[in-house]
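Just so we're on the same page: letters track the sequence lines, and every chain starts at 1. Heavy atoms only: backbone and side chains are in, while hydrogens, waters and symmetry mates are out.
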Protein chains: 2
Amino acid sequence: MRDRTMANIRDIAKAAGVSVSTVSKALNGYSDVKKKTRELVLNVAKELDYLPNVMARGLITKKSNTIGIFFGDQQNSGFDYPFFSDLIRSIKDTAGAAGYDILIFANQKRSTSSYKTICYEKGVDGVILILTGDQRADENIRELHESLPTVYIDSVSHKFNNVNFVESDNLTAAAEAVEHLIQLGHTKILKLAGDDVAKASYDRVEGYKKALQKHGLEVNNDLIVYGEFSKEKAYQLTKRAFSKHNGITAVFSSSDMMAFGAIEALRDLGLRVPEDIAVVGFDDLDQSRLFDPPLTTVHQQRYKMGETAAKILLQLIDNENGITQNARIPASLIIRESCGMKRRN
Amino acid sequence: MRDRTMANIRDIAKAAGVSVSTVSKALNGYSDVKKKTRELVLNVAKELDYLPNVMARGLITKKSNTIGIFFGDQQNSGFDYPFFSDLIRSIKDTAGAAGYDILIFANQKRSTSSYKTICYEKGVDGVILILTGDQRADENIRELHESLPTVYIDSVSHKFNNVNFVESDNLTAAAEAVEHLIQLGHTKILKLAGDDVAKASYDRVEGYKKALQKHGLEVNNDLIVYGEFSKEKAYQLTKRAFSKHNGITAVFSSSDMMAFGAIEALRDLGLRVPEDIAVVGFDDLDQSRLFDPPLTTVHQQRYKMGETAAKILLQLIDNENGITQNARIPASLIIRESCGMKRRN
DNA sequence: CTGAAAGCGCTTACAG
DNA sequence: CTGAAAGCGCTTACAG
């Protein structure tokens, strides 16, 4: 892409009458350059419209000032696009303020499936992982953790230890949501879980159990079903659950998308939300507020999550032997209308 | 970031007992390498877990297999995040299928404001521009057009000629929307325009005028107001317009976000939508379908737009002296409930 | 404070 | 078909 017309460091050296090394030092702000020399070099550089070649520099310094992002783009995953959109914005803001750009891995033609290889190939300084589905449990990720600063956002497989991640405080938030239902008088609550590999998914189930136990209610594993964060799957599972079990009065879904699927299923079953069945989601997507009925759900601080992940990554990059860091971002229940105001007895 | 343990091309040469040049040629699939030699090299490379260094290669080939994206991230701009989210997905899919990754420019610490410099610094092979507000008219962009494959998405300033861009067929779609209002009996229609620099914004105003003229209705420039694609501004302008002018029965907004602002203003004015005032938006955001009332709006094919932009860019990269290309993607009116079914007379 | 030299990991004429 | 050499544009010891 470079025009023949572009000046390089040698052109500057020639024009300024100094050596290439001196130019390099002046440009990089080294202190062992006479002030007058530095100024001369800087002026000439400006005049020649000089631009450093990041490839040449990176070849030596092994630094690219770029952070990589892998993101799984399965539709209807826990990380649907509205979610991703906030994350990328916050990562862009945070990394950008620190002088970094963002590389989104997209190339589908690569011969390798090694995350580490791919990162090395592009020379990123660190990487943020936003994975979905089976990607999360891919053994190939392990060597990435070990060789490059890596931070997960909410998509860690529970089989990896000692990895850096930021997540919502899923357990606490899920328990809060279920307690809300219990306080409204519900005792038989269908749990529409995500999958059984993501820690986030797992924690939301644990929160559900914890709230039931706290109130002396039985945990019935038949009422915990796994919808893979998919609206369609949630639709089917809800239909099946309501035909198999009597007396369910509420649904706690591990994502808003699944909650939408569940509500559709309930309607097709002739059940009204919230009059007959209460539904709570998880995520607080933009559309959930506008949904009919407005969805009661757990708000995840998406911007905050991305920002925190980027900050941790930046620290890790600056400090190679940094310790493993996990951040749990508070998530809180937003009460709207999908649970009605049903009171105990 | 590179571990000391990583094999390079010299290690392969040594292990395979051939020269570095031969390794390079074998790795790059050159035909003038004996088949047996090639296989040997490839095997050794695999064994050593060899990864090509993209920096070193790029330094020579001037190719990075990366396309850059500048995107303006002003909230409430025509390109709100839901919009950006579809674009990035389609660009990722399309560029990824062709073997490219995506670099999102984020670094705020750069000393230069030259788009060209920034692109050169990172070595991208081409760039997609998704700009907002004043960015679009920045004179600094001109040298970018001239030195690097560049494609705009819907954000061209009308002061630049001979640039590649993809846009919705804004004029046609706007005219269609206004005709719909006219057919419902509206004759005095407030035009909530975007800004006066973007071509897209301009074309939507032209479509509005064209439809009025076609039906012999007067174009009153006082009824065309500029809301900068901002919800807040739209709120204010709508309030002001309705207090200054009598007899307005419909609003045609150049974005859904502005339509939301307008509807809020109308409610505060004690006017009902659609019973008293009809409102049409532009964009078809995810939330518009769920809005109360569900918004009649022009659907932009966001995925298609990103895909087309990426395809054009890829062509431009492969064919340096390609001709300027503009693509106009059809956009169609989605009739929902915000215009009611008011009939002529 | 300055500069000559080596080298980062690769590709590309060129000679054989 | 193969290899020695030059070079992409930069940085970094090192010597002065």
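Between the P atom of D/dG16 and the CG atom of A/D32 lies a distance of 17 Å, rounded to the nearest Å. When the C1' atom of C/dT11 is taken as reference, atom CG of B/L27 falls 12 Å away, rounded to whole Å. For the pair B/Y30 OH and C/dC10 P, the computed distance is 14 Å after rounding to whole Å. Distance, B/I9 CD1 to D/dG7 C1': 15 Å, rounded to whole Å. In this structure, B/N53 atom CG and D/dG9 atom C1' are separated by 14 Å, rounded to whole Å. Between the CD1 atom of A/I60 and the C1' atom of C/dG9 there is a distance of 11 Å, rounded to whole Å. Note: CG (A/L40) to P (C/dG3) measures 11 Å, nearest angstrom. The interatomic distance linking B/M55 (CE) with C/dT11 (P) rounds to 15 Å, in whole Å.
Using a distance-only test at 3.5 Å, with no hydrogens or angles considered, no donor-acceptor pair links the side chain of A/E39 to the main chain of A/K36. Of the possible donor and acceptor atoms, none in the side chain of B/T94 sits under 3.5 Å from a partner among the backbone N and O of B/I91.
In the set C/dT2, C/dG3, D/dT11, C/dG3 carries the atom at the smallest distance from any side-chain atom of A/S19.
Ring geometry, A/F70 versus A/Y115: the interplanar angle exceeds 60°, so the pair is classed perpendicular (tilted spans 30 to 60°).
Remark: A/T22 is in phosphate contact with C/dG3, judged by side-chain N or O atoms under 4.0 Å from OP1 or OP2. Regarding contacts with the backbone of D/dG3, every side-chain N or O of B/S21 stays at 4.0 angstrom or more from both OP1 and OP2. B/S24 has no side-chain polar atom (N or O) that falls below the 4.0 Å cut-off from OP1 or OP2 of C/dT12. Between B/N8 and C/dC8, a side-chain N or O to OP1/OP2 separation shorter than 4.0 Å is absent.
Judged purely by distance below 3.5 Å, without hydrogens or angles, the side chains of B/T66 and B/K122 never pair a donor atom with an acceptor atom.
Within 4.0 Å of A/V18, counting heavy atoms only, lie sugar-phosphate atoms of the nucleic acid but no base atom.
Taking the nucleotide of DNA chain D with the nearest heavy atom to each of A/R10 and A/R57, the more 5' of the two is matched to A/R10.
Across all strands shown, D/dA15 is found opposite C/dT2 as a Watson-Crick or G-U wobble partner, with both distances under 3.5 Å.
For A/K25 and C/dG3, a side-chain-to-base donor-acceptor distance below 3.5 Å is present, hydrogens and geometry of angles not being considered.
Counting only heavy atoms from C-beta outward, the side chains of B/Y120 and A/N53 approach each other to under 4.5 Å.
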